[in-house]
Amino acid sequence: MRWRPSPPDLVATFTDIVPGPPAVQRKMFGYPAAFVNGNMFMGLFEDRLILRLAEDSREQLLSVKGASPFEPMPGRPMREYVVVPPAILEARKKLATWVDRALAYGASLPPKASAVKSKGTRPKPKKRARG
């Protein structure tokens, strides 16, 4: 399965709306994504902007026409993520409010441990005794 790149106008919207520190941007599966404390809280996937939200916010956003649970592959939903509907994508103030909610939720989650250990953390190999 080959995924389509995000449209340039959606990438521009993402770039304009993504918060600054403590959020950091990097790619996830080749798409722009934003993380706080190692937890992804927003990102792009093909032609969709997705937000990770607490249950009450998720239910509220899902009640908006055009919003849907995020499934990167059919039958594989990402439980906490919602696809932002076009009506909210086109309304910057509303979108900013939802992004703030996603950032707050991501920041409330336990920080993820770094997947890459820093140098000096591996135990040194033992020397073999000769003889």
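When reading the values below, keep in mind they use all heavy atoms of this one structure, side chains included, and skip hydrogens, waters and symmetry mates.
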Kindly determine whether Ile50 and Met78 satisfy side chain to side chain contact (heavy atoms under 4.5 Å, CB included), including the steps that lead there.
-> CA-CA 10 Å; Ile50 57 171; Met78 290 181 70; 5.6 Å; no

Considering only distance and modelled atom types, tabulate donor-acceptor pairs under 3.5 Å from the side chains of residues 103-110, sequence neighbours left out.
| from | atom 1 | to | atom 2 | distance (Å) |
| --- | --- | --- | --- | --- |
| Tyr105 | OH | Glu80 | OE2 | 2.3 |
| Ser108 | OG | Tyr105 | O | 2.6 |

Check [X] against [Y] and note the closest heavy-atom contact, atom names and distance.
X: Val82; Y: Ala67; result: CG1-CB, 4.2 Å
X: Met40; Y: Ala33; result: SD-CB, 3.7 Å
X: Arg76; Y: Pro72; result: O-CD, 3.2 Å
X: Gly66; Y: Pro85; result: C-CB, 3.5 Å
X: Leu10; Y: Arg48; result: CD2-N, 3.6 Å

Under 3.5 Å, side-chain donor or acceptor atoms of residues 86-102 against the rest of the protein: list the pairs with distances, not counting sequence neighbours.
| from | atom 1 | to | atom 2 | distance (Å) |
| --- | --- | --- | --- | --- |
| Arg92 | NH2 | Thr13 | OG1 | 3.4 |
| Thr97 | OG1 | Lys93 | O | 3.0 |
| Arg101 | NH1 | Gln60 | OE1 | 2.8 |
| Arg101 | NH2 | Gln60 | OE1 | 3.3 |

Counting distance only, does the side-chain N/O of Ser6 pair as donor-acceptor with the main-chain N or O of Glu46 below 3.5 Å?
-> yes

So Phe70 and Tyr81, would you call those rings parallel, tilted or perpendicular, with 30° and 60° as cut-offs?
->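 Correct class here is perpendicular.
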
Quick one: sort the Phe45 and Trp3 rings into parallel, tilted or perpendicular, breaks at 30° and 60°.
->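 Geometry flag for Trp3 against Phe45: perpendicular rings.
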
Side-chain contact, heavy-atom cut-off 4.5 Å: Arg58 with Arg79?
->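 Yes - at least one pair of side-chain heavy atoms lies under 4.5 Å apart.
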
Any side-chain heavy atom of Asn37 within less than 4.5 Å of one from Pro22?
->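 No, every pair of side-chain atoms sits at 4.5 Å or beyond.
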
Identify, with sequence neighbours excluded, every residue that meets ring-ring contact (aromatic ring centres under 6.0 Å, His included) alongside Phe14.
->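 Expected list: none.
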
Hey, could you give me the CG/OG1 distance between Leu44 and Thr15, rounded to the nearest 0.5 Å?
->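 Spacing of CG (Leu44) from OG1 (Thr15) equals 8.0 Å.
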
